[in-house]
Amino acid sequence: MDWGMKNRLSRIIKPDTGRTVMLAVDHGYFLGATSGLEEPGKTIKPLLPYADSLMLTRGVLRTSLAAENDIPIVLRVSGGTSIIGKSLSDEGITVSMEDALRLNVSAVALSIFVGTEYEKQTLLSLSKLVDVGEKYGIPVLAVTAVGKEMNRDVRYLSLCCRIAAELGAHFVKTYYCENFTQVVKECPVPIVIAGGKKIEERAALELAFCAARDGAVGVDMGRNIFQSDCPQGMLRAVREIVHKKAKVEQAFELYESIKNR
Ligand code: R5P
């Protein structure tokens with residue numbers, strides 16, 4: 001891995017702990033103004049000091065984040081679908097690497113839809129993105145999206161993560177599952193987990209704890225942070241787990257103390 005690639009990755013996965021707390025706010029690229037992100041700038045601002053990186057689209061980056069911010073950006077560069085369209089898996093690349101470079105991003109992110117009719121298209125897009133990423137030293141995050149008919153089980157998620165790594169992704173985002181250690185063992189690049197749909201705060205902290213315990217380098221969480229009744233409390237509690245190896249109860253107490261302040 002060359003210097004620029006390593007340097008960018010180390011801005012996201014922090015060298016002192018080998019872990020990362022990424023904040024995902026890219027949901028609008030197919031969901032529109034989803035709950036909690038109606039005004040992205042307002043949601044993001046108080047969370048910035050507690051996130052190791054921000055995953056978002058170029059539209060929200062340009063309009064909702066001051067350029068003076070030095071938070072590492074993971075730019076969503078796949079899309080072209082919507083929640084009311086025919087198929088969410090029919091994604092293509094939506095941003096050129098030149099624009100990603102102009103935006104000074106630390107990594108780019110693209111979803112792959114293994115097992116869907118658009119599997120080949122999305123996997124070839126990943127390969128192309130990795131080729132250009134390698135050229136300019138920009139790491140690629142492959143997001144293992146799940147089709148409606150797919151199970152989020154170890155067999156499927158391990159398949160997706162391994163394929164992403166084999167095609168050259170520099171890190172992978174997937175879901176936590178039973179026997180997650182096997183997913184980690186069989187994937188030669190770092191894994192971060194998505195939070196998924198909003199669940200009760202304690203359960204979301206448990207999810208982060210189990211993922212980190214079982215070998216994920218961290219989380220790339222969205223709804224369980226920004227749809228919480230105390231987003232800052234949740235993000236700080238997740239940080240305690242991921243970076244300081246706090247237990248779920250300790251982290252939950254921190255969340256409650258910040259919420260009740
Ligand atoms: C989904 O495709 C997006 O990349 C989201 O950023 C991702 O699912 C993580 O967000 P959440 O924790 O809300 O699942």
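Here the structure is a predicted model, which is why all the values come from computation and not from measurement. Both ligands and their constituent atoms are indexed starting at 1 by order of listing.
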Shortest protein heavy-atom distance from atom 7 (C) of ligand 1, along with the residue and atom involved: Lys173 NZ, 3.0 Å

Are there more than 12 heavy atoms of other residues, nucleotides or ligands under 6.0 Å from atom CZ of Arg155? no

Measuring from non-hydrogen atoms of Asp220 to any atom of ligand 1, is the shortest distance under 4.0 Å? yes

Without hydrogens or angle criteria, can the side chains of Arg8 and Ser10 be said to hold a donor-acceptor pair below 3.5 Å? no

For ligand 1 and Ala24, I'd like to know whether there is a polar contact (N/O to N/O, distance under 3.5 Å). no

Give yes if a backbone or side-chain nitrogen or oxygen of Ser111 is under 3.5 Å from a nitrogen or oxygen of ligand 1, and no if not. no

As an exercise, state the distance from CG of Leu167 to CG of Leu123, rounded to the nearest 0.5 Å. 5.5 Å

Counting only heavy atoms closer than 4.0 Å, does ligand 1 sit against the backbone of Lys197, its side chain, both, or neither? neither

Test of proximity, Asn224 against ligand 1: N or O pairs below 3.5 Å: no

Here's one to test your reading of the geometry: is the NZ or CZ of Arg152 within 45 degrees of the ring axis of Tyr175 and under 6.0 Å from its centre? yes

For atom 6 (O) of ligand 1, what's the nearest protein heavy-atom neighbour? Residue, atom name and distance, please. Asp26 OD1, 2.3 Å

Could you check if a side-chain atom of Ser53 sits within less than 4.5 angstrom of a side-chain atom of Val74, using non-hydrogen atoms only? yes

Based purely on interatomic distance, does Ala194 place a nitrogen or oxygen under 3.5 Å from a nitrogen or oxygen of ligand 1? no

Taking atom types as modelled, is there a side-chain donor on Thr122 or Glu91 under 3.5 Å from an acceptor on the other? no

In this structure, which one of Lys197, Lys198, Glu201 forms a side chain to side chain contact (heavy atoms under 4.5 Å, CB included) with Asn224? Lys198

contact_flag Ala145 ligand 1 heavy-atom lt 4.0 Å: no

List ligand 1 atoms under 4.0 Å from Met221, heavy atoms only on the residue side. 12 (O)

So for Arg76, does at least one of its heavy atoms come nearer than 4.0 angstrom to any atom of ligand 1? yes

Quick check: Phe30 and ligand 1, any N/O pair under 3.5 Å apart? no

Looking only at protein heavy atoms, which one is nearest to atom 10 (O) of ligand 1, and what is the separation? His27 NE2, 3.0 Å

In ligand 1, which numbered atoms sit nearer than 4.0 Å to a non-hydrogen atom of Arg223? 11 (P), 12 (O), 13 (O), 14 (O)

Around atom CD of Glu178, are there more than 12 heavy atoms from other residues, nucleotides or ligands closer than 6.0 Å? no

So Ile44 and Leu48, do their side chains get closer than 4.5 Å, heavy atoms only? yes

Looking only at side chains, do Thr34 and His27 share a donor and an acceptor under 3.5 Å apart? no

Against heavy atoms of Met55, which atoms of ligand 1 measure under 4.0 Å? 4 (O)

